[in-house]
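All values below come from the heavy atoms of this structure, side chains included, with hydrogens, waters and symmetry mates left out. Below, chains carry the letters A, B, ... as their sequence lines are ordered, and counting in each starts from 1.
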Number of protein chains: 2
Amino acid sequence: MSAKTANISEATVTRLSIYLRCLQTLEKEGRQTVSSQELARQFHLNSAQIRKDLAYFGAFGTRGVGYCIANLKDQIIKLLKLNKEKAVVIVGAGHLGQALADFQGFNSGGFRVVALFDIDPAKVGKKTAKGKSILHAKRIPEIAKKHNVAIGIIAVRPQSAQAIYDTLLKAGVKGVLTFAPAQIKEKPLTKLRAVDLKINLETLSFFLRS
Amino acid sequence: MSAKTANISEATVTRLSIYLRCLQTLEKEGRQTVSSQELARQFHLNSAQIRKDLAYFGAFGTRGVGYCIANLKDQIIKLLKLNKEKAVVIVGAGHLGQALADFQGFNSGGFRVVALFDIDPAKVGKKTAKGKSILHAKRIPEIAKKHNVAIGIIAVRPQSAQAIYDTLLKAGVKGVLTFAPAQIKEKPLTKLRAVDLKINLETLSFFLRS
DNA sequence: CCGTGTGAAGCTGTTCACAGCT
DNA sequence: AGCTGTGAACAGCTTCACACGG
């Protein structure tokens, strides 16, 4: 019943996020309710898993009917804490950093990129294609405090990743998403997630039938 | 002993890729050998897991000593099939697609981006910052055959993702990495990996101490 | 004596199957 | 009659602990 968030696996949370997207799709189609079975069929998921994932947080469905789409969507939004906008900063204004800063998905649905940082004088003071300011990295603490930044994104060279991570945490950022190809040591009481593009490609390579 | 690639989990392969990167770092530092314990300490891994992962593929170490860095590195490169260059195409020449096309990690160590595709006439015929050609998406089959493309990357809007996936497979591509926020149905005998940027951010949001 | 390679134990996440509610 | 919510079975991955080789 009570939404205790302990013991919830990362896999379950990732799927919540997937369910949210599926529900938004169905809502756009004008649907009112949906069963776990139908969700599973339509989006290539497992119905038992959907029910179990949701049941960790409460009883959101109606037996014999399924789930009310609008209601379940709102519940998941609350669970993921997407109902209050979170300020995001991106460190590293290379191609990837700029692409991420302008990325629709990072500027909607509970997130907003408030600044991009770099140390390259050729970039500092400029703006991205969609108008996000590129500031000098020494201003990370100032901006993080000013906008109460919750999430930092690392898109710098691997050598600098650990230092930037430390800087972000010291500036009060609580969660970090890194794209740098480096092994960062996660500090307690904060959350670190790593997306490694090259590793994804290499893993794919392994599984190719040659 | 023999390198049977069946029953190997995705998690193990992902870690192989991590080990490879760690070994390359150590090699640059001029190191000759390394033990699983030292690897674990230095890169925040688990030594038993390193040994078990490697043992799936053979006995690469020397008891009492550890692993010869140069040798182990070469072994992992072979396991991941990175010893022969693979041609990669990217579909979708938005900010992300262009950033990926120019990304160093996708143009080294066994991979090379040979073309970017889009259907926007304003983009077709142009080049990325680093000189990758943007071609019309209708040329996917032609280019895929010509360069014997092994891997396709999807960086298009979610509505088009499934269609592009089908197109890529029909063109003979064996593995696909998608960045589109959509649930694609994986076809048998091929490999699909999804990197979902927004889901990563939402998952991070869940775990933030508020 | 040290570190690998590995059976066995432990743990976590997934799937099954059905009781119970609507 | 239908679908949720859930204990129990299952499967897979991780960690332990130690025999064995160098």
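Here the closest heavy-atom approach between residue A:Leu168 and residue A:Gly152 is recorded as CD1-CA, 4.2 Å. The shortest heavy-atom contact between B:Leu82 and A:Ser205 is CD2-OG, 3.9 Å.
Atom pair A:Leu72:CG and D:dT4:C1' shows a separation of 12 Å (rounding to whole Å applied). The separation between A:Leu54 atom CG and D:dT4 atom P is 9 Å, rounded to whole Å. Following rounding to the nearest Å, B:Ile50 (CD1) and C:dT6 (C1') show an atom-to-atom distance of 16 Å. The separation between A:Phe60 atom CZ and C:dT22 atom P is 17 Å, rounded to whole Å. In this structure, CG of B:Asp53 is placed 7 Å from P of D:dT14, rounded to the nearest angstrom. When rounded to the nearest whole Å, the span between CD of B:Gln49 and P of D:dC16 equals 11 Å. B:Arg51 has its CZ atom 16 Å from the P atom of D:dC20, to the nearest Å. Rounded to an integer number of Å, the gap from A:Asn71 CG to D:dT4 P is 14 Å.
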Please set out all donor-acceptor pairs under 3.5 angstrom arising from side-chain atoms of residues 65-73 of chain A, sequence neighbours excluded.
| from | atom 1 | to | atom 2 | distance (Å) |
| --- | --- | --- | --- | --- |
| A:Asn71 | OD1 | A:Gln75 | NE2 | 3.4 |
| A:Lys73 | NZ | A:Glu27 | OE1 | 3.0 |

Tell me which donor-acceptor pairs under 3.5 Å the side chains of residues 169-182 of chain A have, and how far apart each pair is, sequence neighbours excluded?
| from | atom 1 | to | atom 2 | distance (Å) |
| --- | --- | --- | --- | --- |
| A:Lys174 | NZ | A:Gly172 | O | 3.4 |
| A:Thr178 | OG1 | A:Ala180 | N | 3.1 |

Side-chain donor-acceptor distances from residues 40-48 of chain A under 3.5 Å, at least two apart:
| from | atom 1 | to | atom 2 | distance (Å) |
| --- | --- | --- | --- | --- |
| A:Asn46 | OD1 | A:Ala48 | N | 2.8 |
| A:Asn46 | OD1 | A:Gln49 | N | 3.1 |

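Residues from residues 13-28 of chain A placing a heavy atom under 4.0 Å of any atom in DNA chain C, listed by number, are A:Arg15. Listed by residue number, there are no residues of residues 185-204 of chain A with a heavy-atom contact under 4.0 Å to DNA chain C. For the segment residues 63-70 of chain A, residues with any heavy atom less than 4.0 angstrom from an atom of DNA chain C are, sorted by number, A:Arg63. For residues 29-48 of chain A, proximity to DNA chain D is found at A:Ser35, A:Ser36, defined as any non-hydrogen atom under 4.0 angstrom from a strand atom.
Residues satisfying the ring pair (Phe, Tyr, Trp, His ring centres under 6.0 Å) test with A:Phe111, not counting sequence neighbours, are none. With sequence neighbours excluded, the residues forming a side chain to side chain donor-acceptor pair (under 3.5 Å) with B:Ser36 are B:Arg51, listed by chain and number.
Side chains of B:Phe103 and B:Ile90 form no contact here, defined as non-hydrogen atoms less than 4.5 Å apart. No side-chain heavy atom of B:Phe206 sits under 4.5 Å from any side-chain heavy atom of A:Glu10.
Distance CG/B:Asn83 to NZ/B:Lys78: 7.0 Å, rounded to 0.5 Å.
Residue pairs meeting the side chain to side chain donor-acceptor pair (under 3.5 Å) criterion with at least one partner in residues 89-117 of chain A, sequence neighbours excluded, are A:Glu85-A:Arg112, A:Asp102-A:Thr128, A:Asn107-A:Lys132, A:Ser108-B:Lys198. Sorted by first and then second residue, the pairs that involve residues 142-161 of chain A and meet side chain to side chain donor-acceptor pair (under 3.5 Å), not counting sequence neighbours, are A:Arg139-A:Glu142.
For A:Tyr56 (side chain) and A:Ser9 (main-chain N/O), no donor-acceptor pair under 3.5 Å exists by modelled atom type. Put simply, the side chain of A:Thr25 gets close to the backbone of A:Arg21: a donor and an acceptor are under 3.5 Å apart.
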Practice item. Please assess A:Leu26 against A:Leu39 for the test side chain to side chain contact (heavy atoms under 4.5 Å, CB included), listing each intermediate value before the final yes or no. Key: CA-CA 9 Å; A:Leu26 291 174; A:Leu39 264 177; 4.0 Å; yes
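Residues A:Glu38 and A:Arg31 are paired through a salt bridge, judged by an N-O separation under 4.0 Å between the basic side chain and the carboxylate.
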Using a cutoff of under 3.5 Å, can you pull out all pairs of nitrogen or oxygen atoms linking the protein to nucleotides 8-12 of chain C, with atom names and distances?
| from | atom 1 | to | atom 2 | distance (Å) |
| --- | --- | --- | --- | --- |
| C:dA8 | N6 | B:Lys52 | NZ | 3.3 |

